[in-house]
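Below you'll find the structure, written out as structure tokens, and then a few comments.
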Amino acid sequence: MKKNSILTRHNTTGWLFASPGFGLMLLFIVIPFILAIAFSLTNQRLMSPNAAEFVGLENYTNMLDVGILVVDPEIDASGNILVDKNGDNKYPRLRKFTRNNPDYPNVQGMKEWFSFSWGVQKIAIMASDLVFMKALVNTLTFVAFVAPIQGALALILALLINQPLRGIQIFRSIYFMPVVVSIVVVSLLWRFIYDGQNGLLNSVLNTLTFGHFKAVDWLGNQDTALGSIMAMSIWQAVGFHMIIWLSGLQTISPTLYEAAKIEGASPWQTFRYVTWPGLRNTAVLVVIVITMQAFSLFAQIDVMTSGGPLDSTQTIVYQAVERGYGKQDISGGSAMSVVLFLLVLSISLLQRYLTREKN
Amino acid sequence: MFRLDKDNPTLRLIVRYMVLTLIALIFVTPILFMMMSSLKPDQQLLADTSSIRAFLPIGDISFDNYKAAFERAPIGMFMLNSLLVTGVTVVLGLLVCSMAGFSFVFLNWRGKSIAFSIILATLIVPFETIAIPMLLMVSKLPWLGLDGFSWGWLNSYRVQIIPFIADGLTIFLFAQYFKDLPKELIEASRIEGCSWWQVYWRVVMPLSGPIIATAAILKFLAMYNQYLWPIMVTQQEQYRPVLVGLQYFFQLNTAWGEVMAYLTIITVPVLAFYLALQRAFIASIASTGVKG
Amino acid sequence: MADLQLKSIEKNYGSTRIIKGVDIDIKDGEFVVFVGPSGCGKSTLLRMIAGLEDISGGELTIDGKVVNDLQPKDRGIAMVFQSYAIFPHMTVRENVGFGLTVSGVPKDEKVQRVNEAAQILQMEHLLDRRPSQLSGGQRQRVAIGRAIVRNPKVFLFDEPLSNLDAALRMDMRMEISKLHKKLDATMIYVTHDQVEAMTLADKIVVLKDGEVQQIGSPMELFHKPANRFVAGFLGSPSMNFVKVKVVAHDNDSITVSSDVIDEVVLPRHDRDLAIGDSLELGIRPQYLEPHHGEIKGSMHGRVSLSERLGTETVLDITLADGNKVIASINEDKVFEVDEEISLHFDVDNIHIF
Amino acid sequence: MKITKNLALTLLSAGALGSAFVSTCAFAKTDLSLWYHGAGNKVEAKVINQIVNDFNRSQSDWNVVLESFPQGSYNDSVVAAALANNLPDILDVDGPVMPNWAWAGYLRPLLIDKNKIADFLPGVKGYWDGKLYSIGLWDSAVAMVTRRSTLNEVGARIPTIDSPWTEEEFNGVLKKLKATGKYDYPLDLGMAESGEWFPYAFSPFLQSFGGDLIDRSTYKTAEGTLNGPEAIAFGEWWQSLFVNGYAPGNSQDPADHETGLLEGKYAMQWYGNWAALKTLNKFGDDALFLPAPDFGHGPKIGAASWQFGVSAASKHPQGASDFIEFALQDKYLAAFSDSLGVIPPTQSAATLTTNYRQGGALSVFYVLSKAQALVRPVTPGYIVEAKVFEKALADIADGADVADTLDSAADEINADIEKNRGYSR
């Protein structure tokens with residue numbers, strides 16, 4: 001490699017070919033991202049007459065700090081534990097501890113994330129940036145549901161349209177149609193579908209159950225909002241992954257199916273022992289692509305819920321934009337972006353590790 | 001009572017088609033709703049959303065919403081801007097990304113693996129998170145145009161085009177495809193006297209039809225549907241693309257019929273383009289898939 | 001046309017040595033075949049000559065000029081690949097003329113040269129077809145046509161026939177042979193098939209593990225293999241090897257024998273020998289004469305398989321020590337399975353290793 | 001490029017005028033760029049174009065070039081442009097946002113004679129830090145919109161400016177309306193409108209309760225004003241509106257918001273004057289535009305709408321100010337009012353309008369604006385305060401704990417002020 005490598009080494013040519021693309025990516029993705037990292041270490045504002053100052057990891061600690069608060073129940077003069085009308089122990093309000101209470105500096109300004117009982121005491125997990133924590137959990141939930149469900153549905157659709165039926169191309173193209181429609185447009189349309197009073201979904205369900213279905217305010221209800229957005233996101237993107245699966249299906253040799261038929265395999269056995277093993281690499285690709293797309297959930301939230309109700313649809317990217325642009329806190333928004341990047345990076349490395357070729 | 005005969009081939013066929021059609025309905029109804037609504041006056045449109053009428057062209061049907069939409073916003077100009085920006089980005093993007101992919105697969109150079117890792121890493125940076133630093137940057141970039149030298153890229157086509165020419169996914173797709181091309185073809189062309197550019201342009205690219213189609217469509221969709229960035233960089237109406245134009249329809253009193261008309265106007269060209277090419281398109285995506 | 005020299009050519013991948021100092025002299029107009037088992041480095045060597053691989057050490061000269069660092073196109077070579085490497089997006093005409101197009105040869109001249117090449121290969125009628133419409137043999141023809149048209153100093157063939165079926169392979173072999181005579185060009189041909197090597201070559205280079213085992217004309221290699229490897233590699237069926245011990249020797253001759261072979265006196269060759277040393281005798285199946293029953297001064301064994309092919313008969317014989325030999329006789333003779341036979345041979349046809 | 005554009009514009013205006021000689025002096029003029037938020041609104045475009053053309057013809061120094069933006073993304077566009085040092089000479093700015101832009105150095109004080117605007121409604125005058133940075137050509141006002149017949153049916157008193165509904169009275173009306181069962185909801189607050197609507201329409205309720213977004217004496221803290229007892233009382237009341245089913249919540253269908261009152265789904269609507277004409281046309285004399293209820297500290301409604309300012313980047317502040325001053329003529333103020341339904345900022349302009357002149361159908365809004373209007377906190381921190389307030393109200397409407405939510409909101413506002421060093425310069 002040291003000497004005489006001009007035939008198989010093409011430093012100049014290689015760079016000449018790669019540099020337009022690579023250079024543009026450095027300039028327009030890598031440098032802005034490095035800038036974002038730099039911002040996250042300062043108190044940079046979107047607009048301000050004041051110069052930014054280096055603040056170290058303050059933005060990260062403000063965002064990620066959690067604390068634990070152990071609360072004793074309220075007792076009356078005789079030492080009995082007070083109970084509320086449901087018969088549960090009554091606890092003092094946490095704002096007593098978190099607001100200007102010098103005895104509890106570790107939870108100063110924090111909010112209750114969740115809590116549980118431990119004996120008579122209540123243990124509260126406190127977060128300094130509760131909205132970010134919720135956004136983090138929601139994002140992970142979204143990924144955890146959407147990646148497998150969308151992948152599986154896409155596979156089922158791919159199997160369906162891989163049948164040798166007359167006119168199957170028509171179905172194929174219909175299933176793909178939502179992919180070509182802008183997500184902003186799709187989100188606007190689905191607001192009508194999810195509407196709580198006279199939405200299409202409610203009226204369809206109402207008809208199907210002969211009036212027994214009680215209308216649900218899909219986007220206005222904490223329990224259904226994120227799920228509704230998941231369903232719509234899957235609806236919009238599943239066609240794309242269907243095609244990727246289809247491409248994988250078409251690489252499986254028909255002779256394998258013939259062999260399975262001769263061996264008398266049931267459809268499930270055929271899938272289990274012929275189709276699925278043949279889709280290994282496709283599966284890796286599908287899962288990775290869906291995961292990455294799911295992590296950048298933004299437009300749907302922006303158009304449909306703005307993160308509500310009660311933060312049940314906050315996501316990291318939405319928060320990063322809201323914080324950085326809406327509230328003009330670039331440094332905070334950038335810190336979120338960096339955390340998201342590290343999160344996705346570690347998850348994709350983990351995925352790659354788990355799906356590595358074992359031999 | 002009717003019994004489902006599992007072995008009746010006709011019946012099985014009917015069941016299959018029924019399943020396929022039901023699923024098709026799920027995919028097509030929201031789009032149908034959009035198109036039908038665009039033909040109705042606001043009052044009727046909103047009243048219809050709670051029934052099957054939402055999907056039917058019944059009642060007071062007209063193209064008034066379209067007329068109004070065209071009066072409200074310079075739709076033709078937005079559409080031209082979108083097509084120009086999208087078209088140029090797609091063409092340049094395919095060129096630049098395929099060249100990079102070519103270099104990563106067929107050429108051997110110092111720093112290649114690091115560069116490729118960086119490109120893969122960019123795949124996991126959502127655009128929204130770098131939009132502001134990028135805005136700060138493009139506003140200070142120099143430019144040498146026909147009308148002389150200037151600083152700052154805002155309010156131009158270039159600011160909507162150049163940052164999006166190269167993207168990691170397209171480079172990755174090209175590289176994956178190139179890896180599967182027979183190496184002998186490259187070697188044969190080298191022996192026949194091709195320079196590397198000739199290998200790329202006369203041999204590799206002509207063989208890359210499927211991946212070019214796939215990458216073109218994916219890039220087209222991503223560009224045509226851009227939203228956040230054009231809002232930030234097009235202060236002059238003359239440069240705005242269609243999705244920014246959508247904002248023109250959300251005034252204090254939203255005219256939903258016009259909104260639906262506008263949504264239809266900006267969706268239909270893509271849909272038509274897709275339906276016209278769908279066979280080639282799906283075949284091309286399918287043929288570029290990962291090989292087992 | 002040109003001659004070509006390889007001087008101490010080496011190829012290393014990191015610390016792995018693929019080619020370990022190869023010297024070959026190829027004369028103008030010679031047809032040289034590199035032959036050897038897979039992994040012996042023959043293809044690598046060819047690709048180094050082509051300029052597709054770097055030369056880690058040594059010197060490659062074509063026409064007296066060192067070309068180590070020249071790009072493939074500047075070496076005056078043309079190459080035919082095992083997979084044909086025809087460009088699927090071009091017609092046959094475009095494929096054949098591709099090199100000329102790239103180097104900017106004027107159109108008239110290109111047309112003329114493409115037609116000439118097509119004529120030589122009798123494929124004028126194929127010129128406007130697409131590669132997908134061609135059979136394997138036709139594709140190979142196109143690949144060769146593409147090589148011819150550029151009028152190279154040296155033709156390189158990398159296992160060009162191995163993707164063809166047996167009958168077609170024989171036809172193409174003959175065509176390549178004819179082509180060589182017609183063009184009188186220097187050709188280097190890589191194959192793992194010793195029949196191709198024997199039939200085509202002016203000169204065969206036998207390679208093993210990145211080293212040259214022997215260089216010579218087909219008959220030289222057949223009759224005087226330099227070592228056991230060459231002996232075993234060339235010839236079909238392969239040469240038989242029988243272990244023997246030296247029982248006596250003098251200045252002119254040695255006497256060997258074993259459990260399965262009667263004492264044989266062989267001409268002495270230049271090697272230090274002591275009584276009791278082990279040697280291997282190599283005898284080609286064609287030189288073993290099987291006889292019914294016991295005959296003095298021969299090898300003894302039992303027939304385990306008899307294949308009568310009409311014009312020849314191939315016998316698998318198990319010797320008393322369990323080893324096997326093969327005998328091939330040029331006529332239809334009947335030997336029963338399990339029959340005890342004697343195998344007679346002429347000492348002149350024996351190789352000692 | 002610039003010259004051709006200039007020429008084209010001049011030719012256009014010359015053509016409109018029918019006299020060619022105006023174009024002779026076009027080349028001597030200096031371009032002033034003007035950004036306006038009304039893209040997509042034809043009526044609005046007509047008036048602003050009229051002003052621009054009139055101004056360009058009225059003098060020979062300046063040539064104003066208009067660029068329109070869709071309102072939904074206008075602030076984003078301006079912020080992006082400011083970051084990129086790409087601001088125009090003249091731009092319009094939403095009243096409460098002005099201090100932020102002025103503080104950030106986007107705007108410069110107007111060079112306008114203060115006497116000229118002496119009789120303007122206070123809400124349209126954009127003062128910050130003692131200087132006039134912006135001036136509005138109109139104001140807007142919010143009223144409780146309903147029908148006389150609706151109130152009569154439940155026997156509710158029709159409130160007046162001097163005697164608005166008290167909290168109890170108002171809640172009673174809601175309860176009675178709810179009890180009729182005729183309406184989906186008695187009150188449409190306009191929850192479907194997100195963004196600035198929340199602080200604009202709802203913070204006056206908080207102020208009427210005695211709280212505020214921030215302590216206006218210092219503008220340094222929200223502690224005690226946004227989460228004090230008055231604010232918590234407001235929050236509890238706010239939440240009760242949704243708990244009791246008096247008003248549709250955050251997920252209100254935008255379409256319902258638009259047509260609900262007109263179609264009788266809602267009995268009352270808390271909405272702005274810009275939609276008033278629609279209501280008038282539908283209900284005629286039956287329509288009522290009532291003052292805000294008094295929750296203890298007097299009835300309040302928001303003030304300050306879009307206003308014009310001059311960017312700090314402008315090289316021609318005098319020309320820019322001249323244009324704004326030119327636009328302040330009564331005829332233009334009246335034209336905006338007539339076409340958009342907005343409130344003219346002067347009495348003299350009001351007399352020129354169809355709806356706001358004495359006895360005009362909407363004159364009540366002019367009165368409301370004069371009597372109840374309170375500007376939103378005049379501080380650069382308002383942008384964040386507004387966002388935080390919006391989220392807090394949405395969360396409380398969704399059932400969040402009132403005290404905790406307001407605490408969080410106060411904390412966030414204070415943290416922001418601290419991060420910005422008290423928004424001092």
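Residue numbers begin at 1 in each chain, while the letters A, B, ... track the order of the sequences.
The greatest number of non-hydrogen atom pairs below 4.5 Å with chain B, out of D:L262, D:T259, D:L83, is found for D:L83. Listed options D:S33, D:P88, D:G272, D:G72 were ranked by heavy-atom pairs under 4.5 angstrom with chain B; first place goes to D:G72.
Residue pairs meeting the side-chain hydrogen bond (donor to acceptor under 3.5 Å, both in side chains) criterion with at least one partner in residues 82-91 of chain B, sequence neighbours excluded, do not occur; the list is empty.
When atom types are taken as modelled, the side chain of B:W153 and the backbone of B:P142 share a donor-acceptor pair closer than 3.5 angstrom.
D:R376 has a carboxylate O that lies under 4.0 Å from a charged side-chain N of D:E196, or vice versa, which qualifies the two as a salt bridge.
Contact annotation for D:W197: neither backbone nor side-chain heavy atoms come within less than 4.5 Å of a heavy atom of chain B.
B:K140 NZ: more than 12 foreign heavy atoms inside a 6.0 Å radius.
A donor-acceptor contact closer than 3.5 angstrom links the side chains of D:Y271 and D:E193.
The shortest side-chain heavy-atom distance between D:F365 and D:F289 falls under the 4.5 Å cut-off. Residues B:M223 and B:Q160 are not in side-chain contact: their nearest non-hydrogen atoms beyond the backbone lie 4.5 Å or more apart.
Scanning residues 32-47 of chain B against chain D with a 4.5 Å heavy-atom cutoff picks out B:Q43, B:L46, ordered by number.
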